[in-house]
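Here the structure comes first, spelled out in structure tokens, and everything after it is commentary.
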Amino acid sequence: MSDHDTGDERARAPVDPGLQIERTTLAWLRTGLSFAVGSLVLTRLIAHTRPLVALGCVLALLPVAVLVGVLAVRRYRADSALPQHRQPLADGALPAGVALLAVLVGAVGMVYTVLL
Amino acid sequence: MSVPSHGTRRWPSRVYGEGDEPDARFSLANERTFLAWLRTAMALMAAGVGIETVNAATSSSRNPLVTWLALLLLAGGVLVSATSFTRWAATERALRTGRPLPAPRMGAVLGYGLAAVGVGIAVLLVIVGI
């Protein structure tokens with residue numbers, strides 16, 4: 001990306017994700033953190049009226065939050081250690097999983113809003 | 001995921017079943033866009049839960065208009081969460097097959113939707129006086 005980088009040099013250079021893997025891992029982590037914080041706040045609100053449900057939510061959520069964080073960090077760790085031309089081979093399972101989790105959190109939020 | 005090879009099965013096959021591996025930077029950017037949509041969805045949900053909690057805390061009887069607004073925000077969050085993954089998959093597929101990227105439909109829904117929610121909140125504040 002430097003000024004003297006000619007198109008010819010770029011064409012011959014191997015694909016270098018550079019800091020993109022790090023940026024992506026950080027994006028995963030801040031998404032996971034928002035998810036964890038949002039879920040805990042929602043749980044705290046539920047605890048007012050249904051402490052047992054809230055306790056169950058915390059016990060179910062904390063391992064899930066830790067798991068998402070671990071999987072997110074491992075997702076590209078192997079790739080960043082590989083030679084530059086190797087492609088990340090992560091697939092769509094983790095994205096689908098966290099999107100499903102977000103849908104579930106939204107559903108719990110709707111139940112909370114109706115039953116409050 | 002640890003040993004890259006052509007025999008590695010990657011899910012979903014609807015995405016990875018055809019086309020060639022794109023430039024890794026494009027895949028990574030696609031993934032960050034997906035994650036940004038997901039955070040947007042969670043912000044919508046947090047807004048919904050937040051205004052309903054304030055609604056319940058500030059008066060003995062909840063204002064039903066605020067409750068409907070909260071449900072609308074939460075439904076928007078669920079919709080954005082669900083479409084974020086299908087959009088990621090469609091974009092990844094387009095990157096692999098070299099076809100044009102899918103049109104950003106949710107951008108318009110979210111933009112106009114949030115504008116409508118903003119007008120709704122303004123009306124609630126001025127006329128209903130919550």
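Just so it is clear: chains get the letters A, B, ... in the order the sequence lines come, proteins before strands, and each one is counted from 1.
Using a 4.5 Å heavy-atom threshold, the side chains of Phe85(B) and Leu100(A) count as separate. Phe35(A) places none of its side-chain heavy atoms less than 4.5 Å from the side chain of Leu38(B).
Residue Val15(B) does not touch chain A at all, counting heavy-atom pairs closer than 4.5 Å. For a residue to count as touching a neighbouring chain, one of its non-hydrogen atoms must lie under 4.5 Å from one of that chain's; by this rule Ala41(B) does not touch chain A. Proximity to chain A (any heavy atom under 4.5 Å) is shown, for Ala75(B), by both the backbone and the side chain. For Trp88(B), the part sitting under 4.5 Å from any heavy atom of chain A is the side chain, from C-beta outward, and nothing else. Looking at Val114(A), the atoms closer than 4.5 Å to chain B (heavy atoms on both sides) sit in the backbone and in the side chain alike.
Met110(A) and Val80(B) are assigned to two separate hydrophobic clusters, defined by single-linkage of ILVMFWY side chains at heavy-atom distances under 4.5 Å. Cluster membership for Met45(B) and Leu79(B), using ILVMFWY side-chain heavy atoms within less than 4.5 angstrom, is not shared. When hydrophobic clusters are built by joining Ile, Leu, Val, Met, Phe, Trp and Tyr residues whose side-chain heavy atoms come closer than 4.5 Å, directly or via intermediates, Leu72(B) is grouped together with Leu114(B). Under the 4.5 Å side-chain contact rule for hydrophobic residues, Val117(B) and Leu65(B) share a cluster. Residues Ile121(B) and Leu73(B) are members of one and the same hydrophobic cluster, defined by side-chain heavy-atom contacts under 4.5 angstrom among Ile, Leu, Val, Met, Phe, Trp and Tyr.
Separation of atoms OG1 (Thr53(B)) and CG (Leu116(A)) is listed at 6.5 Å; rounding is to 0.5 Å. Within the model, atoms CH2 of Trp28(A) and CZ of Arg32(B) stand 12.5 Å from one another, a figure rounded to the nearest 0.5 Å. The CG atom of Leu35(B) sits 8.5 Å away from atom CG of Leu94(A), with the distance rounded to the nearest 0.5 Å. Taking CE of Met42(B) as the reference point, atom CG of Leu101(A) lies at 9.5 Å (rounded to 0.5 Å). In this structure, CG in Asp91(A) is found 11.5 Å from OG in Ser27(B), a value given to the nearest 0.5 Å. How far OG1 of Thr113(A) is from CG of Leu74(B): 4.5 Å, rounded to the nearest 0.5 Å.
Scanning all heavy atoms of the two residues, the minimum distance from Trp11(B) to Ala96(A) falls at CZ3-CB, 3.5 Å. Closest approach of Ser81(B) and Ala99(A) over heavy atoms only: O-CB, 3.7 Å.
In this structure, Arg10(B) contributes its side chain and Ala90(A) its backbone to a donor-acceptor pair below 3.5 Å.
Ionic pairing of Glu31(B) and Arg75(A) is present here: one or more N-O contacts between side-chain nitrogen and carboxylate oxygen are shorter than 4.0 angstrom.
Side chain to side chain, Arg39(B) and Ser34(A) fail the donor-acceptor criterion of an N or O pair below 3.5 Å.
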